[in-house]
> 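My questions will all concern the structure given below.
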Amino acid sequence: MEELDLHLMSNSRPELFDFEGISMIHYFTDNWKNIQNFQARPDDILIATYPKAGTTWVSFIMDLLYFGNIEPERQTTLPIYMRVPFIEGAFPGLPPGAEQADKLPTTPRLIKTHLPVQLVPKSFWEQNCRVVYVARNAKDNAVSYFHFDRMNMAQPDPGDWNNFFNLFMNGKTVFGPWYDHVSGYWERKMTYSNIHYMFFEDIVEDTGREVDRLCTFLGLSTSAEERERIAKSVHFDAMKKNKMTNYSTVPVMDFKISPFMRKGKVGDWKNHFTVAQNETFDEHYKQKMKNTTLQFRTEI
Ligand code: PPS
């Protein structure tokens, strides 16, 4: 397998800049033309999320649903980010995500994106591809993103929690404002019926139920026994131990600072938000989300 070019990546963290109205870093815009011109096929499935909302979890569930039995060897040889390429990724030393996606030998092709809805390559909509969107409540999403930016040298330096808290509220995190991202896909669902909108909190609450709903959306007739087996094998503890899903094979992530599979909980925000931060956040949230019907649970 090709290796990330650490030498090129470890010297300095990337700078955030405005790109099409969204805060971005160059690793996700360097290959822009090829991303936008990506030719989707009707059976491609796009797994879209704001970063840290449960992408890896749902990617693994879907990989097992489609390929768990027919290609068992991929479970021990291919990390999840090779099975489900990150279409906008352009990291030194690795083939760009759009190229990896293009060359995927599987049917369907499972493709990951963090792009906000308005920047998704047009062909996915034109081909009426299925889109699985996963959303996570803003508070836990922010905390998870903070720890990710601390440990991932390919992300901007988050500073301390208070600094990151302000960046998150102001949309100055990579892929832009959480608020617009989650509500953008929610609104798109009103006119584009091939979106399945999932919530991280629901998957924590009852993974089996969410696997069932996903199968209905995907038109899969996976047996109840198999679904149950999948729901068990994607448990946090199992994924944390599994080298193919825990990102321990990615050298730019420093697990001594924080592991990728960190806690996997609903409500960890309570260990980070001060009372004052919580009040500020709630007030700001009300304003930002006043025009959407979208509702989240910050505890279960
Ligand atoms: S990324 O980098 O955007 O692709 O990250 P993403 O996979 O979207 O999100 C990582 C967070 O999801 C948690 N996670 C899980 N939680 C519960 N159960 C399972 N199986 C699971 N798999 C991933 C992961 O721990 C990160 O959340 P935090 O809160 O940081 O632990």
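Indexing begins at 1, ligand by ligand and atom by atom, following the structure's order. On a predicted model such as this, the values are computed, not experimentally measured, just so you know. FYI, side chains are in, hydrogens and waters are out, and symmetry mates aren't considered; it's all heavy atoms of this structure.
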> Report the residues that fulfil side chain to side chain donor-acceptor pair (under 3.5 Å) with Asn170, sequence neighbours left out, ordered by chain and then residue number.
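Not a single residue meets the side chain to side chain donor-acceptor pair (under 3.5 Å) criterion with Asn170.
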
> Indicate whether any N or O donor in one side chain lies under 3.5 Å from an N or O acceptor in the other, for Tyr81 and Thr249.
yes

> Which pairs with one or both residues in residues 113-122 pass side-chain hydrogen bond (donor to acceptor under 3.5 Å, both in side chains), sequence neighbours excluded?
Thr49-His114, Glu88-Thr113

> Measure the acute angle between the ring planes of Tyr197 and Phe199, then classify it against the limits of 30° and 60° as parallel, tilted or perpendicular.
tilted

> Give a table of atom pairs where an N or O of ligand 1 lies under 3.5 Å from a protein N or O.
unit_1	atom_1	unit_2	atom_2	d
ligand 1	2 (O)	Lys52	NZ	2.9
ligand 1	3 (O)	Lys52	N	2.9
ligand 1	3 (O)	His114	NE2	3.1
ligand 1	4 (O)	Thr55	OG1	3.4
ligand 1	4 (O)	Lys112	NZ	3.1
ligand 1	5 (O)	Lys52	NZ	3.0
ligand 1	7 (O)	Thr55	N	3.4
ligand 1	7 (O)	Thr56	N	2.9
ligand 1	7 (O)	Thr56	OG1	2.5
ligand 1	8 (O)	Lys52	N	3.3
ligand 1	8 (O)	Ala53	N	3.2
ligand 1	8 (O)	Gly54	N	3.0
ligand 1	8 (O)	Thr55	N	2.8
ligand 1	8 (O)	Thr55	OG1	2.4
ligand 1	20 (N)	Trp57	NE1	3.1
ligand 1	20 (N)	Val234	O	2.8
ligand 1	20 (N)	Phe236	N	3.4
ligand 1	25 (O)	Arg262	N	3.4
ligand 1	27 (O)	Arg136	NH1	3.1
ligand 1	27 (O)	Ser144	OG	3.3
ligand 1	29 (O)	Arg136	NH1	3.4
ligand 1	29 (O)	Arg136	NH2	2.9
ligand 1	29 (O)	Arg262	NH2	3.0
ligand 1	30 (O)	Ser144	OG	2.7
ligand 1	30 (O)	Arg262	NE	2.9
ligand 1	31 (O)	Arg262	N	3.4
ligand 1	31 (O)	Lys263	N	2.6
ligand 1	31 (O)	Gly264	N	2.7

> Quick one: do the Asn137 and Glu299 side chains pair a donor with an acceptor below 3.5 Å?
no

> Residues two or more places apart in sequence or in another chain: which of them pass ring pair (Phe, Tyr, Trp, His ring centres under 6.0 Å) with Phe19?
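Once residues adjacent in sequence are excluded, the partners of Phe19 under the ring pair (Phe, Tyr, Trp, His ring centres under 6.0 Å) criterion are Trp32.
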
